[in-house]
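Input: a single structure, listed below in structure tokens.
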Amino acid sequence: MPAPKEEFFMEENRYSFENPVFKDTYRHTSSHMLAQAMKRLHPEVKLAIGPAIEHGFYYDFDAPFPITSEILEEVETEMRKISKEKLPLERFTLPRDEAIRFAQEQEEPYKVELITDLPEDAEISFYRQGEFVDLCAGPHLDTTGRVKGNAFKLTSATGAYWRGDSSKKMLQRVYGTSFMKKEELEEYLNKIEEAKKRDHRKIGKELGLFLFQDEGPGFPFFLPKGMIVKNKLLEYWRELHTKAGYSEISTPIMLDQELWHRSGHWDNYKNNMYSTVIDEVDYSLKPMNCPGAMLVYKSQPHSYKELPLRMAELGIVHRHELSGALHGLMRVRCFTQDDAHLFMRTENLKDEIKGIAALINEIYEHFGFKYHMELSTMPEKHIGTVEQWEAATGHLQDALEELGVKYIVNPGDGAFYGPKIDFHLEDSLGRTWQCGTIQLDMQMPERFELEYVGSDGEKHRPVILHRTAFGSIERFIGILTEHFAGAFPTWLAPVQVKILPITDRAAAYADQLKEKLEARGLRVETDHRNEKIGYKIREAQMEKVPYMLVLGDKEVEAGVVAVRSRSGGDLGVMDYEAFEALVAEENEKRLNK
RNA sequence: GCUACUGUAGCUCAGCCGGUAGAGCAGCUGAUUCGUAAUCAGCAGGUCGGGUGUUCGAGUCACCUCAGUAGCUCCA
């Protein structure tokens, strides 16, 4: 390998975070300083691994004590000393055997394990900074003095399994981040603080959209205002899907457990299913809608002329997720999938996949989301043959290539019944959540013996595409809430217009306007409380109502309205008709897309 | 599920070494009818997530349990 220093010295902008090699190197050296500081203060702590990551770095330790925030502060202080000491980083290599012996002498069992896994003839590289030595491929900065003492921070300490394996020991991971300037660190930390204000769990509470109760962890309750957002989204969804040639069905939430044996869900997911016994029959709540849709398809004979048959279902599913995995509306135990099953012949596949991708794309672009796509291939636990999987994956890949979109491959991450294309959206903190998905399934048709009659008069087996666009309505509302920071576009806003009479003299006028706006199908509230206008405006602003009508003697007399928008402030006086047209247009906006 | 942390009025939070709970906002009552982000005054409201224990005495200590947060694992 090239000497690491040369590697990044050669680069353009070599001492800049614009240079990704330098950025990672800077963070990586930061992580070594973290380990060095930890070892100085607590020599009994064992070292695991410590890489640079997207927004900083971490180091995994095996410590016989909990790493508290006090300890983090002490370690941070020690790191500052190490920065001041300007210790040069020196690379040296050892043959594998000697490297193992060296790690054993250092009493670092995790390092021994790591080296043991390397090839026999490997030259193992280490980095030394002062008294501290760590197994490492590099590269690194030339001295610890480059990592500015006032531009890094240890942000948190959490658990993490050794080698990412839940059967192995849980270590303690210390996260940190570092920058070249103090201002950059502060800017980064501020950004995180700002992002936290957009958290849908916080906004959901403030705006009265939804809530959770101890009686049902992971089971969301929707409040009246949240229900408006949900219903409006579903209206939009139904319009789009009707236009795209889907028909809608609804299947039972709970079915005989025998069905889940037939579908293969029981073998793969029984631990995540809610079950009960009624009249000595075992029942399970559906964790997905497929089997129900299969039964619907099977209930009638089908002709090739009906295909592709697109059957949509807003299905409520229950999945017993691990308690630690729950996260607001993003990860729940009961949610509504905007599911659809498309039954077709193999030759329809490519066009249908493209059609679905276009539909999902239309929805995401409508909201201005950024997203990325992943192709997930055959997992270890799967049904069907390898040949079937290869063919299925090929169909998805072909469609993606024809669409000319970028995607990353996620090996082994497919559903147990087929490969899939996933659409991932970001939340306020940049964590991504799978929403849309397109899954190819050649298994359910077999298991349920689905058929259609071809032009040759013979029976044939259809293939199925499972797909969602929102993914989960709940999760999608979470993403939407964070995306808009609660300031939903007018067509989705729980309250679209808030009428604020300044005195009682404007009360009757206010009621009259409310009636007229409501007749136009708009959602309006009037604040008749005996409060000052500033107070009423403040509340309406905090509720993120798109439009406020401020009505005083002047407006009553002239028969006009003084309009204020949540984003643009005082818009001045306008005719009532003009205002009504303005809001009505925004309310209809999604229809014109 | 795992590791760590958190859990006090509707909301946001204070409560030092253990001695029987405080504030602001919201709510209610009264006064005020006042033009674009919070009018004034008064009243009411928690036994401190739940349980057990230690103690003369626990919101404050210990253990158990529930829920939440961060991350890990998982995510049909």
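For the numbers below, each heavy atom of this structure counts, side chains included, while hydrogens, waters and symmetry mates do not.
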Q) To the side chain of R331(A), which of G35(B), G71(B), C74(B) is closest? A) C74(B)
Q. Quantified in whole Å, what is the C1' atom distance between nucleotide A14(B) and nucleotide G46(B)?
A. 14 Å
Q: Pick the C1' atom in G71(B) and in C25(B), then give their distance to the nearest Å.
A: 34 Å
(Q) What's the closest nucleotide to the side chain of Q172(A) if the choices are A70(B), U3(B), C2(B)? (A) U3(B)
Q. What's the closest nucleotide to the Y161(A) side chain, out of U39(B), G1(B), A76(B)?
A. G1(B)
Q: Hey, can you tell me if Y269(A) and H265(A) have their rings parallel, tilted or perpendicular (30° and 60° cut-offs)?
A: tilted
Q) Looking at the side chain of R319(A), which of C75(B), G27(B), U33(B) is the nearest nucleotide? A) C75(B)
Q) Contact class for A562(A) (heavy atom, under 4.0 Å): base, sugar-phosphate, or nothing? A) base
Q: Kindly say whether the aromatic ring centers of Y59(A) and F57(A) come within a distance under 6.0 Å.
A: no
**Q.** T158(A), nearest nucleotide to its side chain (from A76(B), G71(B), C34(B))
**A.** G71(B)
Q: Answer yes if the ring centres of Y547(A) and F579(A) are under 6.0 angstrom apart, and no otherwise.
A: yes
Q: Look at the side chain of E313(A) and the backbone N and O of A293(A), then say whether any donor-acceptor pair between them is shorter than 3.5 Å.
A: no
Q) Under 4.0 Å between a side-chain N or O of K420(A) and OP1 or OP2 of A76(B)? A) yes
Q.
Of the listed nucleotides (G68(B), A76(B), G1(B)), which one gets closest to any side-chain atom of Q439(A)?
A. A76(B)
Q | Candidate nucleotides A4(B), A38(B), G35(B), ranked by approach to the side chain of Y535(A) - the nearest | A | A38(B)
Q.
Checking contacts here: which listed nucleotide (A37(B), A76(B), C2(B)) is nearest the side-chain heavy atoms of M170(A)?
A. C2(B)
Q. Taking the six-membered ring for Trp, does Y269(A) stack with A76(B) (centroid gap under 5.5 Å, planes within less than 30°)?
A. yes
(Q) Starting the side chain at C-beta, find the nucleotide from C72(B), A67(B), A38(B) nearest to A160(A). (A) C72(B)
Q) Between G68(B), A76(B), C72(B), which nucleotide has the shortest distance from any of its atoms to the side chain of P287(A)? A) A76(B)
